[in-house]
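Below is one structure, written out as structure tokens, with a few remarks after it.
Side chains included, hydrogens not; waters and symmetry mates left out as well; all remaining heavy atoms used.
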Amino acid sequence: MGFRCGIIGLPNVGKSTIFNALTAASAEVANYPFCTINPNVGVVPVPDSRLENIARIINPPKFTFTTMEFVDIAGLVKGASGGEGLGNRFLGNIRDVDAIVHIIRCFDDPNVSHVHGAVSPADDIEVVKMELLLADLETVEKKIEKMEKSARGGSKSHHGERELYYMIRESLGKNMPVRNIEFSPEDESILSELNLITAKKVLYVANVSESELKERGEYTDTVEKTAKSDGSEAIIICGDMEAEIADLPEDNRREFLEDLGLNESGLQKLIRTGYRLLDLITFYTAAGAELRAWTIPEGTRAVQAAGKIHTDMERGFIRAEVLNYEDFISAGSISAAKEKGLVRIEGKNHVILDGDIVYFRFNV
């Protein structure tokens, strides 16, 4: 599926508990730092009521949700960018994901130690932020050093790139993450080669006690204000309660949530928000025996969307037959939508929209 969210945070903030509930992958959970050493990986279906509605109408033998991949990355500590703890190894794991889910401890529990002695969401966020900034600063410094050495040898071909890296270095030195810097399309192309950690989008997750979930307090206010100032989003989850929900039979989960006055679990909200965070959309195919949802970045052209299904479909693309989800629901069936002229014939440069039902014609 190609889209990965890395779950990060300090040790003992509830990362693995939330990951376990999210993916039912049973990652080890223990009350000591560095319990997670190798990253655990879980693939999670994205909740999608539209897919279920389409399935109810066309009644396919099989329907398949689109997915996201979550990676539980071991806890960072102060000094990780310099190799403290298992820092360098973990920072490398973070570079391999598309977005970051930052878990912040927002609960008091004397039975669960805090790596810095006391619970302070503001301080915890700052520690992680600084380690990621320092890691990126080191990457940029090495790039600048290499280019300056090349320039001293008489090369002038990288002047524009050097200016870009100087600007990024200055911004990082002012504690500004790369994701908050505006770049031209040309600069974006250059930047993508560096794979900087702070260029990745971040979702802040406040892990709270059940009492804090019902009545918000100072801890969650801090996380929400930080997310807003960073141009990011924040959600609130009770990791222990989500673990309870994950252990329930599917039929009992909705009843449990209704008793709590909730429309969805915190983990469903996490998946949905993470999906939106990456500017992803969903389109559907209903060819053969399977109805299926597919994940693509917003702005993807029809020919690229065909390649998401199979490279032969992209290579031999002829046209796309496109039906809007709302038009399909209104018509009541694909055949009725065709009779009403609601199915459009589009070429390879057509941009697929969220909710489109697409049939690709191709020949190889």
What's the shortest heavy-atom distance between [X] and [Y], and which atoms?
X	Y	result
P177	D230	CG-OD1, 3.9 Å
D312	V364	O-CG1, 3.2 Å
K348	R301	O-CB, 3.5 Å
I58	F328	CG2-CZ, 3.7 Å
R361	E321	NE-OE2, 2.9 Å
A135	I197	CB-CD1, 4.3 Å

> Just checking, any donor-acceptor pair under 3.5 angstrom between side chains of Y275 and T66?
Replying inline: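 No, no side-chain donor-acceptor contact under 3.5 Å.
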>> I'd like to know if the side chain of R50 pairs up with that of Y284 as donor and acceptor (distance under 3.5 Å, no hydrogens or angles considered).
In response: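 On atom types as modelled, these side chains qualify, holding a pair under 3.5 Å.
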>> For K129, I'd like to know if atom NZ has over 12 heavy atoms of other residues, nucleotides or ligands within 6.0 Å.
In response: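 Above 12, so yes.
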> How about E290: does its CD atom have over 12 heavy atoms from other parts shown lying under 6.0 Å from it?
Replying inline: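 Buried by this count: over 12 neighbours within 6.0 Å.
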> R169 and E141: side-chain contact (heavy atoms from CB on, under 4.5 Å), yes or no, with the steps?
Replying inline: CA-CA 7 Å; R169 180 175 64 181; E141 290 279 14; 3.2 Å; yes
Give me the one residue out of [options] that meets side-chain contact (heavy atoms from CB on, under 4.5 Å) with [X].
X	options	result
L257	L248, N263, N252, I245	I245
L10	N12, I8, V13	V13
Y219	N207, V208, I236, V119	V119

[X] side, atom [atom1]; [Y] side, atom [atom2] - distance, nearest 0.5 Å:
X	Y	atom1	atom2	value
D354	I281	CG	CD1	5.5 Å
K62	R292	NZ	CZ	7.5 Å
I94	R4	CD1	CZ	12.0 Å
T139	N195	OG1	CG	9.0 Å

Are [X] and [Y] connected, step by step, through hydrophobic side chains (Ile, Leu, Val, Met, Phe, Trp, Tyr) whose heavy atoms are closer than 4.5 Å?
X	Y	value
V97	L278	yes
V46	L291	no
Y359	F317	no

>> Could you check whether any side-chain N or O of S171 sits under 3.5 Å from a backbone N or O of M167, counting only pairs where one atom can act as donor and the other as acceptor?
In response: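 Answer holds: yes.
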> Is the cationic atom of R162 (NZ for Lys, CZ for Arg) positioned less than 6.0 Å from the six-membered ring centroid of Y166 and within 45 degrees of its normal?
Replying inline: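 No.
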> Where does the angle between the aromatic ring planes of F283 and W294 fall among parallel (under 30°), tilted (30 to 60°) and perpendicular (over 60°)?
Replying inline: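 If you compare the ring of F283 with that of W294, the planes turn out parallel.
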